[in-house]
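Along the sequence shown, the residues carry numbers beginning at 1. Below, all heavy atoms of this structure are taken into account, side chains as well, without hydrogens, waters or symmetry copies. Since the model is a prediction, treat every value here as computed from it, not as a measurement.
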Amino acid sequence: MTDFQSRLLAALPADLGSQGHNVAVLQEALDKLDAFQGEAQAALFRLLARTAADASVAPHQLSAALAPLADSAYLLPQAVVAELLPHVQSFREINTQVATLEAQVTKEKEAANVHAHGAEFDCLMLRGCLGDAAWAVVSMRKALAEEEERASAGQAVLSAPALAALQACCQRCDATLEGALDAAFSDVLRVDAARRTLTARATLPPALPGGPPVLASELWAGLGVRGELGTRMSRTADALLHGVLEPVLAGHLCVSEEGVDAGVDSTLGPGAGVLSWAAPQAGAAPHAPEACCQKVLKLVAEAVFAWDEELLCKWGEVFWVRMADAYVRLHAGPYVRAAGGDTAVASAKAEAARSLEEFAESLGCVDEPYLGPAVDALAEQTLSAQQQMYLERARTLILGGGDSEHRSGDTGHATAGEPLVVDTEYCARLAAGRLPDWEMADPPAGMSTADSPPLAGGTYGVSRHTLDVSLLINEALSHAGTCGDASVARALVGAVPKIAVMARILPDRGAMQQTPLLALLHHNDLVHLAATLSLCGALHGPELSPLLGAGALDFSAEAALLRSAAEEVLSAQVESQQRELASLLDGLGHLRSIADGKSGITNRKAVRQLLHSLARLGRLSRSVLSPPVFVRVAAELLRQTCTSFVNDVVAKRDIGIDDAKELRDLLGPVADEALPALLGLPPPGTPGQQQHGQEPALSGVPLAVLSAAVAARCTPLRKLRSLIGLLDSGMVVLVDGWCDGALARDGWGRTEVERVLCALFQDSEYRHMALARVRTAKG
């Protein structure tokens with residue numbers, strides 16, 4: 001219920017409904033209604049007065065509020081309100097006229113506003129201000145978009161005709177601006193491929209007839225406002241590359257430049273320039289491509305971009321990488337390749353490219369170096385090509401030589417190293433035991449220092465391709481020392497470690513291990529290459545140190561890796577041969593049964609096979625190994641065999657007289673003939689060992705000396721020899737041998753001596769006494 005309704009009900013008596021026919025009650029109700037009407041009229045007049053004076057209330061709103069009062073048919077003529085009706089009607093008519101006038105004024109203002117937008121744009125275009133004109137179009141489009149958004153929400157400010165006029169104005173201005181920008185862009189940089197000319201203009205034709213020339217900077221400003229700057233600059237870069245720079249870079253041409261002042265074409269306006277290119281005249285040299293590129297860059301920076309740093313930076317972002325790629329593809333690459341790998345030519349071209357890039361950087365077109373590193377990479381490829389030549393030759397030698405030798409079974413090899421010269425007088429005194437104590441305390445090496453070369457280590461066999469690889473390494477270093485170019489020298493020196501790596505990893509070790517001679521040759525190959533690397537500094541250091549500095553030829557790490565690989569090859573081959581020798585002794589059954597005749601025949605046959613295999617391995621080893629390596633290999637081969645025999649005998653609990661004799665007969669040939677078999681000597685006691693006074697030798701070292709060296713190094717062999725003597729000796733000899741230290745020097749331990757003593761001799765008081773002496777003696 002509204003406030004008016006509540007006040008009206010309050011003016012009526014509460015019992016009007018039950019006593020409606022009572023005259024007094026009706027009169028009272030009429031009086032109250034008259035009073036209420038008076039109050040309502042007074043309130044209405046006051047409200048109308050305040051509303052008429054309030055500027056925030058629109059006239060049409062007040063007119064709409066008075067409409068029910070003017071149109072009411074229930075007003076009595078004698079009512080006070082009825083006197084207001086003529087005035088209310090006049091007010092409404094005036095209000096209608098005012099509204100019509102206001103709508104006409106609004107329409108005229110809207111039309112004037114649209115016209116002002118168009119006039120402002122036309123004025124800017126006439127003055128050649130393409131950037132400001134573009135902003136004017138942007139402003140119009142923004143206003144149009146906002147009005148369309150309000151119209152779609154039902155809150156339009158402009159009328160529909162005004163909105164349509166604004167749309168038409170935007171379209172006209174946008175089309176005019178686009179046409180002017182396209183025309184200016186086509187004129188600012190023009191490439192004529194047929195006439196071989198490039199025209200760049202700093203001032204362009206007027207945007208509208210009657211206007212002044214347009215500056216090129218206004219073109220880029222307008223394109224930047226429209227968001228077309230990157231696209232148009234990219235088109236400019238493509239035009240320069242395909243129309244100008246690619247022909248210049250690909251051909252030997254001359255580029256000339258002319259300005260407007262020289263009378264080329266005065267219609268081009270101030271600041272314009274023209275470049276032309278053509279084949280050089282007879283007898284004239286073509287211009288350097290770098291100089292031609294600098295002319296193009298300078299013309300574009302000066303005429304087209306007016307040295308504007310921001311524009312040049314943006315243009316460089318889309319132009320420089322493409323230009324650098326074209327330079328490398330069309331000029332630098334073919335130029336360097338045509339030089340036939342001449343590193344000096346490649347370095348000079350790299351320097352010229354860096355100078356060109358520095359010039360472009362001074363213009364503001366280059367942010368990060370790109371062309372210089374690209375051409376430097378070409379120079380590096382040239383250096384790599386020289387290095388690669390040596391690497392390919394080394395690879396062919398290593399793989400071709402090793403594979404062909406393995407497939408054909410070619411055991412031919414070359415000899416490397418220097419023979420040793422033995423001090424025969426010293427060795428004779430050593431063998432006779434006639435050395436004084438002071439010489440025994442500090443024994444010499446046994447070599448003749450007067451006759452042996454300083455680095456002599458004995459001769460050894462190497463694969464023929466390994467000698468070629470060593471010569472190749474020295475050839476590469478000699479080339480590096482004579483080239484006079486530090487870059488070339490560094491690349492060639494860098495090939496040496498790579499060759500060492502190939503020598504380690506390319507040969508098929510698994511296949512070589514199946515052929516003992518090839519495995520031993522591979523070991524020697526690696527050792528020989530390590531020695532070659534160790535001598536490089538001394539041989540080539542004087543020539544290369546001035547170019548590369550001290551330490552450039554330090555290949556000690558590579559040499560150590562080669563020696564380590566050689567050690568692995570040799571150890572693997574020795575272990576393989578040890579397994580084969582051990583397999584020959586499987587039929588002996590650890591000497592558990594030796595008394596019966598059948599097992600004796602089998603055992604002797606196994607020993608003969610063992611000696612035959614040792615003789616075969618000895619022939620192979622002596623043919624390729626140097627004396628020090630041969631001594632080591634021989635000692636390792638005998639170590640396992642002799643250890644096995646000694647352990648089998650020591651493990652026996654009881655050795656009778658017949659068993660002892662059988663063991664002596666069985667193991668005696670091993671103790672006496674195994675080492676001579678490896679050395680290729682007749683068994684001891686065989687006549688004709690030395691003929692015509694010449695003792696057999698290996699690389700200058702007498703075989704007798706090598707025999708003594710192997711025996712001294714192979715403790716199990718000495719142990720087996722002493723065991724053969726113990727099997728045929730008395731208890732006193734055994735105990736004395738331990739007490740005076742002879743058995744200990746041969747590798748015997750106290751526990752082993754006790755076991756042999758208990759196995760050979762029956763339990764008795766004498767054996768107890770002998771055991772007591774063994775346990776108390778120092779050994």
Side-chain angles (χ1 to χ4, degrees), residues 387 390-391 393-402 405 413-420 445 447 452-478 480-481 492-509 512-513 516-541 544 548 550-574 621 623-633 636 699:
Q387 184 187 94
Y390 286 97
L391 295 180
R393 290 172 59 187
R395 177 184 175 86
T396 301
L397 290 172
I398 294 171
L399 284 183
E405 291 170 4
H413 54 270
T415 300
E418 294 287 345
L420 297 167
M447 298 294 107
S452 295
L455 298 178
T459 57
Y460 52 91
V462 293
S463 304
R464 295 188 182 95
H465 71 269
T466 298
L467 292 181
D468 295 334
V469 172
S470 297
L471 292 175
L472 182 65
I473 290 174
N474 286 290
E475 178 186 342
L477 295 178
S478 297
L492 295 177
V493 170
V496 175
K498 297 178 182 178
I499 293 175
V501 172
M502 288 193 292
R504 285 193 292 112
I505 66 176
L506 289 183
D508 188 353
R509 291 188 186 180
M512 290 182 176
Q513 287 296 336
L517 181 57
L518 291 181
L520 297 178
L521 282 175
H522 184 43
H523 162 268
N524 291 349
D525 293 344
L526 295 173
V527 172
H528 184 75
L529 290 178
T532 300
L533 296 185
S534 299
L535 294 175
C536 286
L539 293 176
H540 304 280
L544 285 171
L548 304 180
L553 297 182
D554 183 10
F555 301 126
S556 57
E558 289 77 10
L561 291 174
L562 287 171
R563 292 190 181 95
S564 176
E567 180 68 22
E568 293 176 2
V569 172
L570 184 63
S571 298
Q573 182 58 32
V574 169
S621 301
S623 66
V624 294
L625 295 180
S626 63
V629 180
F630 173 79
V631 169
R632 174 192 167 188
V633 171
E636 290 296 328
S699 184

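The line from OG of Ser699 to CZ of Phe630 is 12.0 Å long, rounded to the nearest 0.5 Å. Between the CG atom of Leu521 and the NE2 atom of His465 there is a distance of 9.0 Å, given to the nearest 0.5 Å. Within the model, atoms CZ of Arg504 and CD1 of Ile499 stand 13.5 Å from one another, a figure rounded to the nearest 0.5 Å. Here CG of Leu526 is found 11.5 Å from CD of Glu567. Values are rounded to the nearest 0.5 Å. Considering CG of Leu535 and CG of Leu553, their distance stands at 12.0 Å, rounded to 0.5 Å. With rounding to the nearest 0.5 angstrom, the OG1 atom of Thr466 is 12.0 Å from the CG atom of Leu472.
Under the 4.5 Å side-chain criterion, counting only non-hydrogen atoms from C-beta, Glu475 is in contact with Arg393. Under the 4.5 Å side-chain criterion, counting only non-hydrogen atoms from C-beta, Ser623 is in contact with Leu517. Val493 is not listed as a side-chain neighbour of His540, based on a closest heavy-atom distance of 4.5 Å or more. At a threshold of 4.5 Å between non-hydrogen side-chain atoms, the residues Thr415 and Tyr460 do not count as touching. The side-chain heavy atoms of Gln573 and His522, taken from C-beta on, include no pair separated by under 4.5 Å. Contact of the Ser534 side chain with the Arg563 side chain is registered, since non-hydrogen atoms from C-beta on lie closer than 4.5 Å.
Donor-acceptor pairing under 3.5 Å is lacking for the side chains of His413 and Asn524.
When every heavy atom of Glu558 is checked against every heavy atom of Pro497, the shortest pair comes out as OE2-CB, 3.7 Å. Nearest heavy-atom pair, His523 versus Ala566, reported as atom, atom and distance to 0.1 Å: CD2-O, 3.1 Å. Of all heavy-atom pairs spanning Leu391 and Met502, the tightest one is O-CE, 3.5 Å. The nearest pair of heavy atoms linking Val633 to Ser621 is CG1-OG, 4.3 Å. Scanning all heavy atoms of the two residues, the minimum distance from Phe555 to Leu477 falls at CE1-CD1, 4.4 Å. Residue Ala414 comes nearest to Arg464 through the heavy atom pair N-CG, 4.4 Å, listed as atom of the first residue, atom of the second, then distance.
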*Quick one: do Arg632 and Val574 satisfy side chain to side chain contact (heavy atoms under 4.5 Å, CB included)? Show the steps, please.*
CA-CA 10 Å; Arg632 174 192 167 188; Val574 169; over 6 Å; no

*Give the intermediate values and the outcome of side chain to side chain contact (heavy atoms under 4.5 Å, CB included) for residues Val469 and Ile398.*
CA-CA 8 Å; Val469 172; Ile398 294 171; 4.0 Å; yes

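Under the side chain to side chain donor-acceptor pair (under 3.5 Å) criterion, Thr532 pairs with Ser470, not counting sequence neighbours.
For the pair Thr459 (side chain) and Pro419 (backbone), a donor-acceptor distance under 3.5 Å is absent. Judged purely by atom type and a 3.5 angstrom limit, Asp525 uses its side chain to pair as donor or acceptor with the backbone of Ser463.
Counted within 6.0 Å of CZ on Arg509, heavy atoms from surrounding residues, nucleotides or ligands total more than 12; the atom is thus considered enclosed.
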